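First comes the structure, then the notes that go with it.
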Amino acid sequence: MEINPAHISPCGLYCGVCGVYQATQDRNQKFLKVLLKMYKASLSGADHLTTEDLLCDGCRSERRSFFCRTCSIRDCSNEKKISGCHECNRFPCEHIKNFLVPTGKKVILRSIPYRRRNGTRKWIEDEEARYLCPGCNNKLFRGAKHCGECRKPVSLD
């Protein structure tokens with residue numbers, strides 16, 4: 001398995017299974033609109049965003065979504081000169097405790113201890129494997145409630 005360094009976020013939300021990332025790579029404007037509507041409904045201050053603001057090639061890429069461009073967790077890890085929360089002895093800190101997206105926070109709290117114990121390669125391999133539909137093996141995204149192919153309900157986070 002080849003690892004894309006742009007997908008290795010400091011917070012523990014692996015970019016390869018991010019819905020925004022997948023919609024960007026697939027040029028899926030319909031899904032980007034669904035995601036944008038969800039963000040606007042659940043996050044204050046998001047009402048000015050457009051689908052262009054969501055486009056993302058990964059947390060450590062040049063083209064990052066609005067949320068990844070303004071990430072306090074990435075800024076914190078850069079200031080501390082560490083690659084992420086898995087290297088920080090203050091985890092979980094206020095950045096994590098105040099994370100705005102409940103599913104993301106839940107995944108971070110699961111993911112960081114796992115990455116500490118098993119290393120980055122194993123963490124990525126297992127995140128990729130976790131987000132496959134158990135019914136048809138279709139690639140899913142973090143937060144998915146059902147498979148886009150076979151429509152089977154899933155609960156992966």
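Every value quoted in this text rests on a predicted model; they were computed, and no experiment measured them.
At distances below 3.5 Å, at least one donor-acceptor pair connects side-chain atoms of K105 with backbone N or O atoms of K97. Looking at R115, its side chain never comes within 3.5 Å of a backbone N or O of T120 through a donor-acceptor pair. The main-chain N or O of G58 is found under 3.5 Å from a side-chain atom of S61 such that the two form a donor-acceptor pair. A donor-acceptor pair is defined here as one N or O able to donate and one able to accept, closer than 3.5 Å; such a pair exists between the side chain of S111 and the backbone of G12. N4 places a side-chain N or O within donor-acceptor distance of the main-chain N or O of A6, the cut-off being under 3.5 Å.
Using bins of under 30°, 30° to 60° and over 60° for the plane-to-plane angle, the ring pair F141/F31 lands in the tilted bin.
Within the 4.5 Å cutoff, no side-chain heavy atoms of E128 are placed close to those of W123. Within the 4.5 Å cutoff, side-chain heavy atoms of P134 are placed close to those of V154. Using a 4.5 Å cut-off on side-chain heavy atoms (C-beta onward), C93 and C88 make no contact. At a threshold of 4.5 Å between non-hydrogen side-chain atoms, the residues I112 and F91 count as touching. The side-chain heavy atoms of R69 and D53, taken from C-beta on, include a pair separated by under 4.5 Å. Proximity of C150 to N138: side-chain heavy atoms (C-beta onward) are nowhere separated by under 4.5 Å. Side-chain contact check for I8 versus S83: every heavy-atom pair is 4.5 Å or farther apart.
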T24 and L54: CA distance, side-chain angles, deciding distance, side-chain contact (heavy atoms from CB on, under 4.5 Å) verdict: CA-CA 8 Å; T24 300; L54 295 184; 5.9 Å; no

Evaluation steps, side chain to side chain donor-acceptor pair (under 3.5 Å), between T103 and R142: CA-CA 8 Å; T103 298; R142 186 176 40 253; over 6 Å; no

side-chain contact (heavy atoms from CB on, under 4.5 Å) evaluation trace for F66 with H48: CA-CA 11 Å; F66 171 80; H48 70 284; 4.3 Å; yes

Candidate pair C85 and I108, rule side-chain contact (heavy atoms from CB on, under 4.5 Å), full reasoning: CA-CA 9 Å; C85 297; I108 290 169; 5.7 Å; no

Step-by-step side chain to side chain donor-acceptor pair (under 3.5 Å) determination, H146 to R151: CA-CA 5 Å; H146 64 273; R151 311 303 293 167; 2.8 Å; yes

Trace of the side-chain contact (heavy atoms from CB on, under 4.5 Å) decision for L55 with L32: CA-CA 8 Å; L55 298 178; L32 284 168; 3.6 Å; yes

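Scanning all heavy atoms of the two residues, the minimum distance from P10 to I73 falls at C-CG2, 4.4 Å. Smallest separation of non-hydrogen atoms from L140 and A144: CB-CB, 4.4 Å.
Few gaps surround NZ on K40; more than 12 heavy atoms of other groups in view lie less than 6.0 Å from it. Within 6.0 Å of CD in Q29 there are more than 12 heavy atoms belonging to other residues, nucleotides or ligands. By the 6.0 Å contact criterion, NZ on K80 is enclosed, its count of non-hydrogen atoms from other residues, nucleotides or ligands being greater than 12. Enclosure of atom CZ in R116 by more than 12 non-hydrogen atoms of other residues, nucleotides or ligands within 6.0 angstrom is indicated.
Between D126 and R130, none of the side-chain N atoms (NZ, or NE/NH1/NH2) sits under 4.0 Å from a carboxylate O, so this pair counts as no salt bridge.
Interatomic distance, SG of C133 versus CD of E149, reported as 9.0 Å (0.5 Å rounding). For the atom pair L35 CG and N28 CG, the distance stands at 8.5 Å (nearest 0.5 Å). Between E62 atom CD and C56 atom SG the span is 11.5 Å, to the nearest 0.5 Å. Rounding to the nearest 0.5 angstrom, the gap separating the NZ atom in K81 from the CD atom in E87 is 13.5 Å. The line from SG of C147 to NZ of K152 is 9.5 Å long, rounded to the nearest 0.5 Å. Taken to the nearest 0.5 Å, the CG atom of L100 stands 7.0 Å off from the OG atom of S44.
No side-chain N or O of Y114 forms a donor-acceptor pair with one of E127 less than 3.5 Å apart. In this model, a donor atom of one side chain and an acceptor atom of the other lie less than 3.5 Å apart for D157 and Y131. H7 and Y21 are linked by a side-chain donor-acceptor pair at a separation below 3.5 angstrom, with hydrogens and angles left out of the test. Between the side chains of S9 and R60, no donor-acceptor pair is found at a separation under 3.5 Å. A donor atom on one side chain and an acceptor atom on the other are found under 3.5 Å apart for D57 and Q25.
Taking the six-membered ring where the residue is Trp, the centroids of F67 and Y39 are separated by under 6.0 Å.
Taken together through direct or relayed side-chain contacts under 4.5 Å among Ile, Leu, Val, Met, Phe, Trp and Tyr, L132 and I3 form parts of separate hydrophobic clusters. Cluster membership for I82 and Y14, using ILVMFWY side-chain heavy atoms within less than 4.5 angstrom, is not shared.
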